[in-house]
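Input: a single structure, listed below in structure tokens.
A, B, ... follow the sequence lines: proteins, then strands. Residue 1 opens every chain. Owing to the predicted nature of the structure, the values given are computational and were not obtained by experimental measurement.
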Amino acid sequence: MGLVGFSLLLFIYYTLWVIVLPFVDSDHVIHGYFLPREYSVILPGIAALLLVLFVGTFIAVVMWKNRKPKKTQ
Amino acid sequence: MTKLMEWLSGLTVLGVLWATVTFDLLGLDPPEAVLQVSWPLPVFLLVALGCFSLGTVGYRVATFNDCQTAAAELQEQIREAKTELQRKGLRF
């Protein structure tokens, strides 16, 4: 259930950031709770990169541990 | 047309629409707020899809019923599989 709550929170924050904030006056106090808009693309990009790196590293480690030495004649 | 072609054409059409709005290719001059919503839109849809998937997985895991006999059987099978694979040389 924690996962559901976390993903809901993330969705609401991100939706506010990308969809709602451009229609709010630039001197409204809510803008202080959100980073500049560039980060709304950069941060998910970094998260996706980290995920791919993690999965790739995991596969590499498991495959490395299971390499068989070459048989000598 | 194969499914792949269908998906690619659909994505291309949406991509062209997005590029037209974001980079103002037709000279329509959309208002500033529309531009600010439009350019992160692909990333936003991906993040929304990710959140939805995460939430669905979390919900289904949380509401899944316990099956005692199946759980015991599965753990026995895991033990068997581990010993078998270790015999064959796979290291965990």
For this session: Could you state whether A:Tyr39 and A:Leu51 fall into the same hydrophobic cluster, counting links through intermediate Ile, Leu, Val, Met, Phe, Trp or Tyr residues with side-chain heavy atoms under 4.5 angstrom apart?
Result: no
For this session: Could you tell me which of A:Lys68, A:Met1, A:Arg37, A:Glu38 has the largest number of non-hydrogen atom pairs under 4.5 Å with chain B?
Result: A:Arg37
Exercise. Honestly curious: do A:Tyr14 and A:Leu43 fall in one hydrophobic cluster under the side-chain, below-4.5 Å linking rule?
Worked result: yes
For this session: Against chain B, work out which of A:Gly45, A:Ala48, A:Ser7, A:Ala47 has the most heavy-atom pairs shorter than 4.5 Å and name it.
Result: A:Ser7
Exercise. Any link between A:Phe23 and A:Leu35 through a network of hydrophobic side chains (Ile, Leu, Val, Met, Phe, Trp, Tyr) touching at under 4.5 Å?
Worked result: yes
Exercise. Are A:Val20 and A:Val18 joined in one hydrophobic group, where the rule is that I, L, V, M, F, W and Y side chains link up if heavy atoms are under 4.5 Å apart?
Worked result: yes
For this session: Using a heavy-atom cutoff of under 4.5 Å, enumerate the residues of residues 35-44 of chain B that contact chain A, numbered in order, or state 'none'.
Result: B:Gln36, B:Val37, B:Trp39, B:Pro40, B:Leu41, B:Val43, B:Phe44
For this session: May I ask you to check whether over 12 heavy atoms, not counting those of B:Glu6, lie within 6.0 Å of atom CD?
Result: yes
Problem set entry | chain A-proximal positions within residues 46-60 of chain B [heavy-atom distance under 4.5 Å] | B:Val47, B:Ala48, B:Cys51, B:Leu54, B:Gly55, B:Gly58, B:Tyr59
Problem set entry | Hydrophobic cluster membership, B:Leu45 vs A:Tyr13, 4.5 Å side-chain cutoff | yes
For this session: Can you tell which part of A:Ile19 gets under 4.5 Å to a heavy atom of chain B, answering side chain, backbone, both or neither?
Result: both
Exercise. With chain B, which of A:Leu21, A:Leu8, A:Thr15 has the greatest number of heavy-atom pairs at distances under 4.5 Å?
Worked result: A:Thr15
